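Structure, as structure tokens:
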Amino acid sequence: MAGRGRFISLEGGEGVGKSTQVRALAEDLRKRGIEVIETREPGGSPGAEAIRELLLTGSEDRWGAEAEALLFAAARSDHVDKVIRPAIAAGKWVLSDRFIDSSLAYQGGAGGLGIEAIRSINAFGIGEWFPDRTLVLALAEGGARARARDNEQSDRIGGRPEGYHQKVELAFRLIAAEEPERVRIIDASGSADAVTKRLLDAIADLLP
Ligand code: TYD
């Protein structure tokens, strides 16, 4: 009989290997007999994927800072409503490539709106549906080189200046310090397998 599922989010700046790790972690959990749903933000539900298109395409000035933050929050609200809440209620685990902490770090920390303002608009959208654990992939030397490699496919937000992305990294570290139980910084250096092992260690207490 399935109990309540778990909700895990993976976070980090650009090019730290998040998507690869979401897949690897999901695979490992499935081997343990856990039913896992992989999802992503912005997006994850049809409505949120439509909002993703609005957020990531077009010119940099397409949205002001406040409208951008509200669009991310609206997409997230729909994602929780249509995908995350039903899955967890059915006893499944949800692994999300990005969630609320991306908004806290990008729109709040780097975009200048402040982490608290972003927390409050998102709290309206998602209620109590915070992840059980949030794993932030980070490189000790900062992600500048990873971003340089990633640059060719960058979108409205990925293409922002280096200073913006440095503030994102700083904000993730700040959030982890504020919420050490939920949010863990994971060293993203070394082989993919070594990183997956670190992620598993950081959720060991949640495993059945
Ligand atoms: P995506 O193609 O998913 O990038 P990545 O592979 O880096 O995850 O694009 C998502 C972009 O949107 C990324 O630059 C981070 C940004 N973002 C925010 O600014 N706020 C948010 O709340 C979320 C979920 C993403």
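Counting convention: from 1, in listed order, for ligands and their atoms alike. FYI, side chains are in, hydrogens and waters are out, and symmetry mates aren't considered; it's all heavy atoms of this structure. Small disclaimer: the values here were computed from a predicted structure and weren't measured.
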Got a sec, which pairs hit ring-ring contact (aromatic ring centres under 6.0 Å, His included) with one end in residues 43-100, sequence neighbours left out?
Phe7-Phe99

Group every Ile, Leu, Val, Met, Phe, Trp and Tyr by side-chain heavy-atom contacts under 4.5 Å, then state whether Leu139 and Leu170 land in the same group.
no

Can you list every pair where an N/O of ligand 1 is under 3.5 Å from an N/O on the protein?
{"residue": "ligand 1", "atom": "2 (O)", "partner": "Arg52", "partner atom": "NH2", "Å": "3.0"}
{"residue": "ligand 1", "atom": "3 (O)", "partner": "Arg52", "partner atom": "NH2", "Å": "3.4"}
{"residue": "ligand 1", "atom": "7 (O)", "partner": "Glu14", "partner atom": "OE1", "Å": "3.4"}
{"residue": "ligand 1", "atom": "7 (O)", "partner": "Arg98", "partner atom": "NH2", "Å": "3.0"}
{"residue": "ligand 1", "atom": "8 (O)", "partner": "Lys18", "partner atom": "NZ", "Å": "2.8"}
{"residue": "ligand 1", "atom": "8 (O)", "partner": "Arg98", "partner atom": "NE", "Å": "2.7"}
{"residue": "ligand 1", "atom": "8 (O)", "partner": "Arg98", "partner atom": "NH2", "Å": "3.4"}
{"residue": "ligand 1", "atom": "14 (O)", "partner": "Glu14", "partner atom": "OE1", "Å": "3.4"}
{"residue": "ligand 1", "atom": "14 (O)", "partner": "Glu14", "partner atom": "OE2", "Å": "2.9"}
{"residue": "ligand 1", "atom": "19 (O)", "partner": "Gln107", "partner atom": "NE2", "Å": "2.9"}
{"residue": "ligand 1", "atom": "20 (N)", "partner": "Gln107", "partner atom": "OE1", "Å": "2.8"}
{"residue": "ligand 1", "atom": "22 (O)", "partner": "Arg76", "partner atom": "NH2", "Å": "2.9"}
{"residue": "ligand 1", "atom": "22 (O)", "partner": "Ser103", "partner atom": "N", "Å": "3.1"}
{"residue": "ligand 1", "atom": "22 (O)", "partner": "Ser103", "partner atom": "OG", "Å": "2.6"}

Salt bridge (charged side-chain N to carboxylate O under 4.0 Å, His left out) filter on Arg23, not counting sequence neighbours, yields none

Would you mind listing every ring-ring contact (aromatic ring centres under 6.0 Å, His included) that reaches into residues 163-190, with sequence neighbours excluded?
none

Between Leu55 and Arg156 the two heavy atoms that sit nearest each other are O-NH1, 2.8 Å

Donor-acceptor pair, distance only, cut-off 3.5 Å: does the side chain of Arg30 make one with the backbone of Val36?
yes

